[in-house]
Novice: 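Before anything else, here's the structure in question.
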Amino acid sequence: MSLLPAPRKPVNYLNNKDILKEIHTSKTDYCSFLTPEDHRYDFIVDMPLAPIEESLAFASTEESIQLARETRAARLDIDQGLAKGTIDPLSIPVTDLVFRVMTWDHVPVAPKQPRKSDKKKTAKDIFEIEGDADELFADLEDTTTKAEIDDMVHVKVNFPPFQHFRVDATNTYQCIGKSHWKGSLANGEFSKDHGNITNKLARMYIMMCEKYAMKYNWRGYTYNDEMRNSAILQLTYVGLRFNEAKSANPFAYYTAAITNSFCRVLNTEKRNQNIRDDIVEINGLNPLWSRQASSSTSYEE
């Protein structure tokens with residue numbers, strides 16, 4: 001009989017399955033569906049720039065329908081506590097399948113905001129003219145040089161918009177859900193800020209940033225708190241943009257976003273430190289030891 005204590009099982013703090021579930025729940029809070037059960041989808045048609053008719057035609061192919069049936073059968077096995085492969089995918093009727101179509105059709109458009117470099121001054125802004133400047137320069141302005149549609153873009157949203165469709169008895173696709181929508185599907189309106197992410201997903205953001213900040217190559221910096229806060233802010237901005245159609249690994253997606261945030265803060269702090277050291281050297285004082293060590297190393301080389 002061994003006197004050694006039994007080894008502890010590793011505690012699984014985060015996994016992709018739980019993260020995907022919270023992402024789906026958070027997105028659902030921004031959506032409106034015909035029935036509460038319509039939020040669950042079986043296949044994603046990731047063709048956001050294509051017309052919606054073309055996306056629905058792709059969903060009608062035999063390969064798409066077969067993949068949707070397999071996904072729904074696997075989910076029903078888990079929901080009913082059955083063994084894997086108990087439900088035959090071919091036994092699922094096509095009218096039960098739900099297709100998520102990535103589309104911008106229901107998102108309104110707004111005038112494009114010009115960049116600072118694009119905001120060119122006109123003659124009215126440069127010269128001081130007495131009288132009504134609009135009347136004087138009315139003949140010089142050409143408003144037909146660019147089509148109006150080119151200056152209109154879709155409203156910015158926090159994750160790619162989509163619609164849910166189901167085939168009815170007449171083999172016609174019916175819309176049963178819309179993202180960024182408030183109210184009924186027929187009489188509702190577009191809304192991009194009426195929902196919220198779940199509390200559990202927010203705690204996951206904080207936990208991932210705290211765990212990453214404790215790594216050996218980051219925990220020694222004095223501005224570690226700024227790095228962690230910047231990473232949390234970045235996750236709240238891009239957290240729901242994860243595309244389930246392209247990957248099932250949101251943990252890697254979030255880790256990459258956190259790494260970029262940490263590196264951005266590090267580069268900013270290094271740039272500020274170099275500027276501070278340059279000012280100190282100009283005034284004939286000794287800079288930080290890191291600058292002195294790097295200068296001596298470069299001199300020896």
Novice: Could you go through the side chain to side chain contact (heavy atoms under 4.5 Å, CB included) check for Met208 and Leu14 one step at a time?
Specialist: CA-CA 8 Å; Met208 292 184 67; Leu14 293 175; 3.1 Å; yes

Novice: Does some side-chain heavy atom of Tyr30 sit less than 4.5 Å from a side-chain heavy atom of Lys192?
Specialist: no

Novice: Going by atom types only, do Thr25 and Thr28 share a side-chain donor-acceptor pair under 3.5 Å?
Specialist: no

Novice: Could you tell me whether the side chain of Val107 reaches within less than 4.5 Å of the side chain of Phe190, counting heavy atoms only?
Specialist: yes

Novice: Do Tyr173 and Ser60 have side-chain atoms, one donor and one acceptor, less than 3.5 Å apart?
Specialist: yes

Novice: Please step through side chain to side chain contact (heavy atoms under 4.5 Å, CB included) for the pair Val109 and Val155, ending with a clear verdict.
Specialist: CA-CA 6 Å; Val109 294; Val155 176; over 6 Å; no

Novice: Quick one: does Ser32's side chain get under 4.5 Å of Leu185's, heavy atoms only?
Specialist: yes

Novice: Is Asp225 atom CG crowded by more than 12 heavy atoms from other residues, nucleotides or ligands, each under 6.0 Å away?
Specialist: yes

Novice: Tabulate below the donor-acceptor pairs under 3.5 Å that side-chain atoms of residues 210-217 make, not counting sequence neighbours, or state none.
Specialist:
from, atom 1, to, atom 2, distance (Å)
Tyr212, OH, Trp218, NE1, 3.4
Tyr212, OH, Thr259, OG1, 2.9

Novice: If you measure from the Lys or Arg side-chain nitrogens to the Asp or Glu carboxylate oxygens, is any gap between Asp193 and Lys182 under 4.0 Å?
Specialist: no

Novice: Where do Arg75 and Asp42 land on the salt bridge (Lys or Arg N to Asp or Glu O under 4.0 Å) test, with the steps shown first?
Specialist: CA-CA 9 Å; Arg75 188 175 70 245; Asp42 304 308; 3.0 Å; yes

Novice: Using every non-hydrogen atom in the two residues, find where Thr61 and Ser64 come nearest and quote the distance to one decimal.
Specialist: OG1-OG, 2.9 Å

Novice: In Å, rounded to the nearest 0.5 Å, how long is the span from CE of Met227 to OG1 of Thr268?
Specialist: 9.5 Å

Novice: Would His180 and Asn158 count as having a side-chain donor-acceptor pair, cut-off 3.5 Å?
Specialist: yes

Novice: Should Ser55 and Met102 be marked as a side chain to side chain contact (heavy atoms under 4.5 Å, CB included) after you check the CA-CA gap, both sets of side-chain angles, and the distance that decides it?
Specialist: CA-CA 8 Å; Ser55 300; Met102 311 302 293; over 6 Å; no

Novice: Specify the closest pair of heavy atoms between Ala257 and Val238, including all atoms of both residues, with the distance to one decimal.
Specialist: CB-CG2, 4.2 Å

Novice: Please determine, by modelled atom types, if Asn260 and Arg264 share a side-chain donor-acceptor pair under 3.5 angstrom.
Specialist: no

Novice: Surrounding CD of Glu63 (heavy atoms of other residues, nucleotides or ligands, distance under 6.0 Å), is the total greater than 12?
Specialist: no

Novice: Transitively linked via ILVMFWY side-chain contacts under 4.5 Å: Phe43 with Phe242?
Specialist: no

Novice: According to side chain to side chain donor-acceptor pair (under 3.5 Å), does anything in residues 236-246 pair up with another residue at least two apart or in another chain? List the pairs.
Specialist: Lys27-Glu244, Asp46-Asn243, Lys156-Tyr237, Tyr237-Arg241

Novice: For Val167 and Gln174, what are the C-alpha separation, side-chain angles and deciding distance, and is it a side chain to side chain contact (heavy atoms under 4.5 Å, CB included)?
Specialist: CA-CA 6 Å; Val167 181; Gln174 300 292 335; over 6 Å; no

Novice: Using side-chain heavy atoms (C-beta onward) and a distance below 4.5 Å, is Glu269 in contact with Leu266?
Specialist: no

Novice: List the atom pairs, donor and acceptor, that lie under 3.5 Å between side-chain atoms in residues 16-24 and the rest of the protein, sequence neighbours left out.
Specialist:
from, atom 1, to, atom 2, distance (Å)
Asn16, OD1, Phe251, N, 3.1
Asn16, ND2, Asn249, OD1, 3.0
Asp18, OD2, Asn15, ND2, 3.0
Glu22, OE1, Thr198, OG1, 2.7
His24, NE2, His39, O, 3.4
His24, NE2, His39, ND1, 2.9

Novice: Between Asp96 and Arg72, does at least one N-O distance fall below 4.0 Å, as a salt bridge requires?
Specialist: no

Novice: Taking the side chain as every heavy atom from C-beta outward, state whether Ser26 and Phe159 have any pair of such atoms under 4.5 Å apart.
Specialist: no

Novice: Closest approach of Ala231 and Cys209, non-hydrogen atoms and distance?
Specialist: CB-SG, 3.6 Å

Novice: In this structure, would Tyr253 and Phe262 fall into the same cluster of hydrophobic residues linked by side-chain contacts under 4.5 Å?
Specialist: yes

Novice: Under 6.0 Å between the ring centres of Phe99 and Phe165?
Specialist: no

Novice: Counting only heavy atoms not in Phe58 (residues, nucleotides, ligands), do more than 12 fall under 6.0 Å from its CZ?
Specialist: no

Novice: Does a side-chain heavy-atom distance below 4.5 Å link Gln234 with Ile258?
Specialist: no

Novice: Tell me if the aromatic rings of Tyr254 and Tyr205 count as close, with their centers under 6.0 Å from one another.
Specialist: yes

Novice: According to a 4.5 Å side-chain heavy-atom criterion applied to Ile, Leu, Val, Met, Phe, Trp and Tyr, with indirect links allowed, do Phe33 and Val98 form part of one hydrophobic cluster?
Specialist: no

Novice: Among the clusters formed by ILVMFWY side chains lying less than 4.5 Å apart, do Ile87 and Tyr41 turn up in the same one?
Specialist: no

Novice: Do the side chains of Ile176 and Gln163 get nearer than 4.5 Å, heavy atoms only?
Specialist: no

Novice: Assess the side chains of Gln66 and Glu70: does a donor N or O sit below 3.5 Å from an acceptor N or O?
Specialist: yes

Novice: Are Ser191 and Trp181 side-chain neighbours, meaning at least one heavy-atom pair lies under 4.5 Å?
Specialist: no

Novice: Search all heavy atoms of Leu240 against all heavy atoms of Pro160 and return the closest pair with its distance.
Specialist: O-CD, 4.5 Å

Novice: Mind listing the closest non-hydrogen atom pair of Ala202 and Ile197 along with its distance?
Specialist: CB-CD1, 4.1 Å

